[in-house]
Amino acid sequence: MPRLDFPVSVEQTYFRKGFGLRGEIQGALTDDYHSAVVDEVRARGYAVTVGGLTIRLAQEFGFCYGVDRAVEYAYETRTKFPGKRIHLVGEIIHNPHVNAKLADMGIAIIARSTSGDFDFSHVTADDVVILPAFGVTREDFGRLRAIGAVLVDTTCGSVLNVWKRVESYARDGFTAVIHGKYQHEETKATASQVSQHAAGRYLVVRDMAEARLVCDFIERGEGADELRRRFASAASTGFDPARDLERVGIANQTTMLSSESLAIAAEIRRAVTARHGAAALAEHFRSFDTICSATQDRQDAVLRLLKDSVDVVVVVGGYNSSNTNHLAALCAERVPTYHVQDAGCIVPETGTIRHKPVGTQQETAVAGWLAPAARVVGVTAGASTPNNKVGEAISRIFATRGLDLAAALAPGAPVSENRVS
Ligand code: SF4
């Protein structure tokens with residue numbers, strides 16, 4: 001075969017740094033997600049009062065840096081490849097409004113088959129595939145690379161940091177104990193990172209109750225069978241408590257409740273210390289808080305909001321959004337809380353709200369949710385909720401009281417109807 005003496009052009013098939021088309025998509029992003037109401041409420045110090053009803057907005061809410069980037073990158077991808085079929089592995093983020101917008105742009109969501117795996121059978125080398133903000137498993141990445149499609153990877157940098165941490169645990173012979181939901185895309189992708197090493201292991205614990213089972217075994221060797229049974233779907237294949245809980249490294253899904261993640265790490269550390277002694281702790285235990293700063297900021301902001309004597313809180317965000325569910329759980333411990341998937345769940349005409357009560361999986365409708373005595377409503381939104389849905393929710397809450405926010409905020413509206421707290 002003759003030697004090639006000229007540079008060979010290799011077509012790039014993997015992108016993860018954007019296409020530099022922000023200027024071209026900015027108008028569409030503004031049309032699809034911007035909210036003048038939110039801008040106005042922010043400008044007024046995150047609180048607005050109309051007709052005796054005050055709405056306080058958490059000072060950190062809605063789209064995080066990772067979601068901003070992923071959504072922008074998806075819009076850029078449509079612009080960059082106008083004639084190509086574009087697929088998205090699952091949902092770009094957990095918000096139905098955003099996913100519907102992408103579908104309207106001709107970006108097709110790849111669903112899971114009955115086996116639970118993503119069905120890539122109709123993806124070809126001529127296609128473009130967008131990987132979501134929470135990433136995909138190493139196995140799915142390998143399957144897509146084998147197909148040869150162009151991959152646009154929007155995995156958030158904070159998720160990549162967790163992957164690095166978990167990979168280092170596996171490399172050094174520590175089992176990654178991940179505080180997360182094992183069915184969640186991000187946690188599946190994170191757990192799969194241990195497969196970079198032949199002896200890599202993981203275990204996913206959902207909450208403190210599950211962490212205590214792990215601690216009981218570490219400390220006293222109790223409950224091996226229960227552990228195997230309980231974590232059959234949430235641990236690496238062939239998980240053996242005696243072998244795999246000798247050395248553990250703690251990580252977490254980026255969107256978990258920060259206080260719970262820290263408490264779980266402390267509990268496991270305590271158990272390892274009891275078992276091996278403080279002097280040997282470093283040989284048996286590693287920990288790194290991998291809650292992302294955006295999740296932490298939203299949880300901190302909602303806790304500050306709750307200090308302001310709010311009567312009721314409305315949390316806006318996808319029912320399958322982990323960080324939104326945790327915001328709702330934080331609020332529900334203190335005040336009546338309504339987690340709505342979309343602003344349309346608030347129906348002023350009937351005075352009802354459709355919401356998912358904390359800890360349940362089902363939406364339910366409640367009439368008369370905004371009691372006449374309620375004077376302050378707190379509002380927050382998960383990291384995957386666009387501002388227009390937050391603004392719409394605020395308007396609908398006022399409308400439930402028969403108050404017209406747009407009229408009250410209009411230039412020249414009477415000050416008494418437009419007080420800023
Ligand atoms: S919630 Fe955190 S990890 Fe997830 S996309 Fe946003 S910034 Fe990234």
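In each ligand, atom 1 is the first atom listed, and ligand 1 is the first ligand listed. Residues take their numbers from the sequence shown, with the count starting at 1. Computed from a prediction, not measured in an experiment: that's the story for all the values here.
- The pair R354-E363 meets the salt-bridge criterion, with a side-chain N (NZ, NE, NH1 or NH2) lying under 4.0 Å from an Asp/Glu carboxylate O.
- Taking the six-membered ring for Trp, F174 and Y202 have ring centres at least 6.0 Å apart.
- Numbered from 1 in the order shown, with element, the atoms of ligand 1 that lie under 4.0 Å from a heavy atom of G66 read 5 (S), 7 (S), 8 (Fe).
- From the protein, the heavy atom lying nearest to atom 3 (S) of ligand 1 is T254 OG1, 3.3 Å.
- Using a cutoff of 4.0 Å between basic side-chain nitrogens and carboxylate oxygens, E226 and R230 are scored as salt-bridged.
- A salt bridge links K389 to D342: at least one charged side-chain nitrogen sits closer than 4.0 Å to a carboxylate oxygen.
- Less than 6.0 angstrom separates the ring centroid of F81 from the ring centroid of F19.
- Less than 4.0 angstrom separates some heavy atom of S158 from each of these atoms of ligand 1: 3 (S).
- A salt bridge links R44 to E40: one of the charged nitrogens lies within less than 4.0 Å of a carboxylate oxygen.
- Annotation for ligand 1: atoms under 4.0 Å from non-hydrogen atoms of Y65 are 7 (S).
- With a heavy-atom cut-off of 4.0 Å, F134 does not touch ligand 1 at all.
- Using a 30° and 60° split on the angle between ring planes, F63 and Y33 fall in the tilted class, from 30° to 60°.
- Closest protein heavy atom to atom 2 (Fe) of ligand 1: C292 SG, 2.2 Å.
- In terms of protein heavy atoms, atom 6 (Fe) of ligand 1 is closest to C64 SG, 2.2 Å.
- Distances from atom 8 (Fe) of ligand 1 show that C156 has an N/O/S atom below 2.8 Å.
- A distance below 6.0 Å separates the ring centres of H184 and H94.
- Interface atoms of ligand 1 facing T255, defined by a heavy-atom separation under 4.0 Å, are 1 (S).
- With a 4.0 Å cut-off on non-hydrogen atoms, I93 does not touch ligand 1 at all.
- Contact annotation: N323 has no heavy atom less than 4.0 Å from any atom of ligand 1.
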